[in-house]
Amino acid sequence: MPSHSHRGRFITFEGLDGCGKSTQLERLAAALRKHGCHVVETREPGGTATGDKIRKLLLDTGTSDLSSLAELALMFASRAQHIKEVVQPALAEGRVVLCDRFTDSTEAYQGGGRKLGSEPVLALHHILCSDLQPDLTILMDSDVAHSVERARRRNSRTAGSSRGKPDENRFEQESRAFFGRVRQAYLAIAVREPDRVAVVDARGTPAETHARILEVVRRRLKLAARTA
Ligand SMILES: Nc1ncnc2c1ncn2[C@@H]1O[C@H](COP(=O)(O)OP(=O)(O)OP(=O)(O)O)[C@@H](O)[C@H]1O
Ligand SMILES: [Mg+2]
């Protein structure tokens, strides 16, 4: 199995739509910078110019009748570009890369939600991503109805705003059963790979969740160690 040798640290954020990934990624980035870390914040799908075009296609509600396999392939097309252009160079420079969603999202949404199973996702990760593994994955666990409702509320606030935010609601229109399968698939990954994946309770306030995440990052990666 080819392995990537890198000097930096690769941390991914995972969880259902609206569980608070972007909010917490930003807070962790700020905390790590305060401790002198060189942090790169990025996201999937997207993170590159080409990836952002793929993101628009994937998340826009105007994209109809996309087959599950085409969806899977597009997720990995964006990821392969992102690894080559952003993630690997940053890790090679010793940076801490914080990424909003990575292959676990594909295993949870396309594998679990769309019922394609884990096998094709892991096979594509092997072929297209050389099996690049995060040093740590924060899986933010939350209540299905609650987080999806939050994401929808957030999107309805931004939709049609004069700031021209992109329409990224395609997945959020899925059923509760779909998100139930996504959550179960995420939890199964955490059971399979406990050394990589830390499940964090995301049902508290943003400050409570941030404290939990910081503790996990300190304990597992020895980053942002308490100085006093
Ligand atoms: N702990 C929290 N309690 C209450 N509201 C929160 C909390 N964390 C985030 N929010 C709010 O919930 C909404 C969704 O949060 P955020 O965008 O961080 O989630 P996300 O996981 O990145 O969602 P998506 O997968 O859709 O990008 C935002 O409006 C955010 O301000
Ligand atoms: Mg987000």
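All ligand and atom numbering here is 1-based and tracks the order in the structure.
Below 3.5 Å of separation, one finds no N or O of A151 facing any N or O of ligand 1. Distances between N or O atoms of S22 and those of ligand 1 include at least one value under 3.5 Å. For the pair A202 and ligand 1, the shortest N or O to N or O distance does not fall below 3.5 Å. Residue D100 has no nitrogen or oxygen atom sitting less than 3.5 Å from a nitrogen or oxygen atom of ligand 1, judged on distance alone. Geometrically, ligand 1 and T23 share a nitrogen or oxygen pair separated by less than 3.5 Å.
In summary, R95 and E41 do not engage in a salt bridge, as defined by a charged side-chain N under 4.0 Å from a carboxylate O. Electrostatic pairing of E215 and R220 does not count as a salt bridge here, judged by no charged N lying under 4.0 Å from a carboxylate O.
Closest to atom 28 (C) of ligand 1 among all protein heavy atoms lies R154 CG, 4.0 Å. When only non-hydrogen protein atoms are considered, atom 24 (P) of ligand 1 lies nearest to G18 N, 3.6 Å. Remark: minimum distance from atom 3 (N) of ligand 1 to any protein heavy atom is reached at R150 NH2, 3.4 Å.
Stacking of R114 on the aromatic ring of Y109 is not recorded, the 6.0 Å distance cut-off and the 45° axial limit not both being met.
Among residue pairs with one or both ends in residues 12-26, those qualifying as salt bridge (Lys or Arg N to Asp or Glu O under 4.0 Å) are D17-R101; sequence neighbours excluded.
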Practice task
With side-chain contact (heavy atoms from CB on, under 4.5 Å) as the test, would you mind laying out the steps for E174 and V148 before giving the verdict?
Solution key: CA-CA 10 Å; E174 289 297 335; V148 175; over 6 Å; no
